[in-house]
Amino acid sequence: MPRLPSIPRWDPETQDIRDLDEIASDPEAVARYGAKAANLALLRSVLPKEHVVDGFAIPFYWFQRFMEENEIFDPEEGKNVSFEKYILD
C-alpha cells in the first residue's frame, strides 16, 4: 500500500504580510507562508530583474482566519456553515 505524504509543519502565529524579497532568505518561509510563496520568493532572486514583478506573501494565519470566519451554504445542512466546516466535514 502506498504511503501518504506527510503534511508539512505550518506556523499559525505569524501575521505579517511580507514582500517576497523579505521572505526569500527566511528558513521558516514554507511554514509561515507556504511552499508556493517561498519558492516564488527564491525564484525572484535568481531571475533577471526584467522578468520579475513585485509581490507579497500572506501567512497561513490569515488563510485560517478567513476559513473560520466566512460562510458558505451547505445544502446537506440546509444552512450556512464556515468554509472550514464545509471542507473538512
Quiz prompt | Main-chain N/O of D74 paired with E77 side-chain donor or acceptor, under 3.5 Å | solution =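 Checking the backbone N and O of D74 against the side chain of E77, no donor-acceptor pair under 3.5 Å is found.
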
Quiz item: How many angstroms lie between CG in L20 and CG in N39, if you round to the nearest 0.5 Å?
Solution: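 With rounding to 0.5 Å, CG (L20) is 11.0 Å from CG (N39).
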
Quiz item: Got a sec, which pairs hit ring pair (Phe, Tyr, Trp, His ring centres under 6.0 Å) with one end in residues 33-65, sequence neighbours left out?
Solution: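 Counting only pairs at least two positions apart or across chains, the ring pair (Phe, Tyr, Trp, His ring centres under 6.0 Å) contacts touching residues 33-65 are W10-F60.
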
Flag the pair [X] / [Y] as yes when at least one side-chain heavy-atom distance between them is below 4.5 Å, and no otherwise.
| X | Y | answer |
| --- | --- | --- |
| I87 | M67 | yes |
| R32 | D26 | yes |
| R44 | D54 | yes |
| E71 | K85 | no |
| I17 | P59 | yes |

Quiz item: What are the two closest heavy atoms between L42 and S45, and how far apart are they?
Solution: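 Closest pair (atom of L42, atom of S45, distance): O-OG, 2.5 Å.
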
Quiz item: Does CD belonging to E76 count more than 12 external heavy atoms closer than 6.0 Å?
Solution: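 Open.
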
Exercise. Answer with yes or no whether the hydrophobic clustering places L40 together with I23; edges join I, L, V, M, F, W, Y residues whose side-chain heavy atoms lie under 4.5 Å apart.
Key: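 Yes, L40 connects to I23 through the hydrophobic network.
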
